[in-house]
Structures are given as C-alpha cells and as structure tokens.
Peer 1: 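Quick one: the structure is below, and I'll ask about it shortly.
Index from 1, following the sequence. Only this structure's heavy atoms are used, side chains among them; waters, hydrogens and symmetry mates stay out.
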Amino acid sequence: MLFLQESRKEKLRSGLFLGFLPRKCSIFNLFLTCLILGFLSMLWLQLSCTGDVSKRGTQDEMSSQKSCPQVPRTVNEDPSWGPHRLALLVPFRERFEELMSFVPHMHQYLLQKKILHHIFIINQVDHYRFNRASLINVGFLESGNETDYIAMHDVDLLPLNLDLDYGFPEKGPFHVASPELHPLYHYKTYVGGILMLTKQHYEMCNGMSNRFWGWGREDDEFYRRIKGAGLQLFRPTGISTGYKTFRHIHDPAWRKRDQKRIAAQKQEQFKVDREGGLHSVKYRVESRSEVTISGAPCTVLNVLLECDLGDTPWCAFN
C-alpha cells in the first residue's frame, strides 16, 4: 500500500513543471499567464495608490487613502536652464496607449532642449461629453506657482524636430503646431494641437470657453480671444521638415471622435463666449497622483467637470 501511494506521488510530480504548472503548459501559455499577472499587479498598484486627494476632501477621506511615493521633479534637470518652467497641460480621456508613448517622448524631448517642465495629465472622469477647453482651464488653475507658462498640448501629437521652440513665449502666444507644419490642419486661423502662452497672457484671454462639449471648435473660439485681448500670435520660422515635423499617433478607426452637434449647439459653436472662461469653470479634483511612465514623471489629475444642463444641455450624452 505504501509503495502504491509513493508511486502515485511520483506520477503526479512528473506531470508538473516547476512543481505547480502542468508539463503540457506551453511557453506561450506561461508567457500569457505572466503577462496577465503583471498587468493585474500594476492595476492594483494604481488603484491602491492615489496620491494627494482634492483640497476639498475631508481629513477622514485623506487618512483612508494610501499615498504614492513622491517622484522627484528635477530628474536630469539643471537649474541653470531656468528661470522659466513650462506646465505641459494635456487634456485626456481613455487614450492610454497614446499616453504611454506621449509622456516618455515629451519628457526626453524637453530634456534634450533643456526646458524645465512639469507634465500634467488632466483626466476627465465624469460622465459628460469630453470638454478639452475646460480641462485646460482646470490644468492652468491646478498647475501651481512653480510654472510660469503653459503649453496646451494634444496627447496624440509628438514633435520630432528639435529646432521647434518650446521656450518662454514672452512676446505673445506661440503656436508650435502651425498650419504649415501640422500633418492635418492647414487653415490660417488654426491654433490647436500645441499652443504656448505665458500665464499672464492666458489670464488676459480669460482662458478658454467652457461651452464646447464634444470634439472641436474650442480652439477656433480661442483664436478670437487672443485677438480680442490685443495679443500677437507667433509661429515657428525656419523649420524645413514641413508636415513631417510631428508624428500624429491618433487612429481614427480605433478612436472615434465625438463630433455630434446637438440642438442649439450647431449655432452656439460659431459664437464667441464673452462671459465664461477661466474663472467660471466648475469642477472637482477627485485625486492627484504623481506617477512615472517608462521613467518619465507626470502628475495625473482625475477631474469631475460640472455642467449646467439648462445652459449647455449638449454636455450630456443622449
């Protein structure tokens, strides 16, 4: 009897690989299992590590959350590059594969250009339609006093030419992704993609309008604000790479843009918003996290925007 029990144990061991995996488990299955476990551990880490909470949070809420290790803000930076520091504001929702490319690329690109910078990912987590302009307003308000100029930067547009100027735009707004260089948009009044302003100039424009829910038109309205504030718009000169100056990583077949125009929105999109802007945006910061992506540091703000359904009913999905 004892011999039979030992024989069964030996057969069981012989059918296992590394003591716990079946021998029939292929290398592919083993790799897939490791990949899934790695992803789940990263997801657990992100969910359990939320960084600072909103300033409006209670002491109990703050004490109940675990905080992330602080990421050094001056990795590979040299203070002699100053005195200015750029706040790179990235309005964002759900385009994680683009973000994985964007943050490391921009961090290394700006380091090569010796630009002191801080990357802010303003992540819209409410259930309203995407509002790029409001998220930029939020990013401006939350970027703090350590930065003195901003870049309103699309997450799917990567600069490739190191001759592009990301320095302090003292004379006026500087449109990095000019119509002569942007791979898609070439009309004369275009100011989207990548636009830099000093914080003082952004205040003079009263920020961006909060009435643009869904994709598009908010940068066209902001062009009118720039002109209304009496500011001169500047664009790159001497760039010979043309439409190959940037890499556009958006896949329209995979990421459909919300271009619906609902009810009065069709008429409103062409109007100048003379009342709303930077200081009328309503929002709550759900969490603030310091993270690194492939070694590149950034701050992720999870933001809940508010909407007055009586004023802009098109903010909600039908």
Peer 1: Taking the six-membered ring for Trp, are H175 and Y190 closer than 6.0 Å centroid to centroid?
Peer 2: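 Yes - the distance between ring centres of H175 and Y190 falls below the 6.0 Å cut-off.
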Peer 1: Using 4.0 Å as the upper bound for N to carboxylate O, is an ion pair formed by K113 and D165?
Peer 2: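 So D165 does not pair with K113 through a salt bridge.
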Peer 1: Check whether any side-chain heavy atom of W81 lies under 4.5 Å from a side-chain heavy atom of I115, and answer yes or no.
Peer 2: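 No, their side chains stay 4.5 Å or more apart.
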Peer 1: Has K199 got its NZ or CZ under 6.0 Å from the middle of the six-membered ring of Y149, at an angle within 45 degrees of the ring axis?
Peer 2: no
Peer 1: Name all residues meeting the side-chain hydrogen bond (donor to acceptor under 3.5 Å, both in side chains) criterion together with H127; count only those two or more places apart in sequence or in a different chain, and write none if there are none.
Peer 2: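 Not a single residue meets the side-chain hydrogen bond (donor to acceptor under 3.5 Å, both in side chains) criterion with H127.
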Peer 1: Would you call D78 and K114 a salt bridge, taking side-chain N to carboxylate O under 4.0 Å as the test?
Peer 2: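 So D78 does not pair with K114 through a salt bridge.
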Peer 1: Closer than 3.5 angstrom, by distance alone: can the side chain of H201 be matched with the main-chain N or O of M196 as a donor-acceptor pair?
Peer 2: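 Not confirmed, H201 side chain does not pair with M196 backbone.
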Peer 1: Going hydrophobic residue to hydrophobic residue with side-chain gaps under 4.5 angstrom, can you get from V125 over to F96?
Peer 2: no
Peer 1: Decide side chain to side chain donor-acceptor pair (under 3.5 Å) for Q200 and T198; before the verdict, give the C-alpha distance in whole Å, the side-chain angles of both, and the deciding distance to 0.1 Å.
Peer 2: CA-CA 5 Å; Q200 180 185 9; T198 68; 5.0 Å; no
Peer 1: Y166 side chain to A151 main-chain N or O, any donor-acceptor pair under 3.5 Å?
Peer 2: no
Peer 1: Taking atom CG as the centre, does N145 end up with more than 12 heavy-atom neighbours from other residues, nucleotides or ligands that are less than 6.0 angstrom away?
Peer 2: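 12 or below, so no.
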Peer 1: Out of R247, H182, E98, which one pairs with L157 under the side chain to side chain contact (heavy atoms under 4.5 Å, CB included) rule?
Peer 2: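 The residue from R247, H182, E98 that satisfies side chain to side chain contact (heavy atoms under 4.5 Å, CB included) with L157 turns out to be H182.
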Peer 1: Just wondering, do I122 and I136 contact through their side chains at under 4.5 Å, heavy atoms?
Peer 2: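 Answer no - side chains too far apart.
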Peer 1: Is the shortest side-chain heavy-atom distance between L135 and L305 below 4.5 Å?
Peer 2: yes
Peer 1: Report yes if the distance between the aromatic ring centroids of H248 and F246 is under 6.0 Å, otherwise no.
Peer 2: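 Ring centroids of H248 and F246 are no less than 6.0 Å from each other.
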Peer 1: Decide, yes or no, whether a salt bridge links R217 with E221 under the criterion of side-chain N to carboxylate O below 4.0 Å.
Peer 2: no
Peer 1: Is the shortest side-chain heavy-atom distance between I249 and L158 below 4.5 Å?
Peer 2: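 The answer is yes, as the side chains (C-beta and beyond) meet within the 4.5 Å cut-off.
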Peer 1: What residues form a side-chain contact (heavy atoms from CB on, under 4.5 Å) with T189, not counting sequence neighbours?
Peer 2: Y187, Y223
Peer 1: Quick one, H107 and H117 - any side-chain contact, counting heavy atoms below 4.5 Å?
Peer 2: yes
Peer 1: Is the shortest heavy-atom distance from the side chain of R225 to the side chain of S209 under 4.5 Å?
Peer 2: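 In contact.
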Peer 1: Please walk me through it: do F130 and W213 pass side chain to side chain contact (heavy atoms under 4.5 Å, CB included)?
Peer 2: CA-CA 6 Å; F130 187 65; W213 300 87; over 6 Å; no
Peer 1: Do I239 and L164 make a side-chain contact, defined as non-hydrogen atoms from C-beta onward lying under 4.5 Å apart?
Peer 2: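 In contact.
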Peer 1: Atom OH of Y128 and atom OG of S134: how far apart are they, to the nearest 0.5 Å?
Peer 2: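 Rounded to the nearest 0.5 Å, the OH-OG separation comes out at 12.0 Å.
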Peer 1: In this structure, are over 12 heavy atoms from other groups packed under 6.0 Å from K171 atom NZ?
Peer 2: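 Counting other residues, nucleotides and ligands, NZ of K171 stays at 12 neighbours or fewer.
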Peer 1: Check this for me, if you would: do D219 and R224 make a salt bridge, where the nitrogen-to-carboxylate-oxygen distance has to be below 4.0 angstrom?
Peer 2: no
Peer 1: May I ask you to say whether R85 pairs ionically with E77, meaning some side-chain N is under 4.0 Å from a carboxylate O?
Peer 2: yes
Peer 1: Using the side chain to side chain donor-acceptor pair (under 3.5 Å) rule, take N210 and N137 through it: C-alpha gap first, then chi angles, then the decisive distance, then the call.
Peer 2: CA-CA 8 Å; N210 300 301; N137 284 338; 3.0 Å; yes
Peer 1: Got F102 and D154 here, is their nearest side-chain heavy-atom distance under 4.5 Å?
Peer 2: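 Of all side-chain heavy-atom pairs linking D154 with F102, none is under 4.5 Å.
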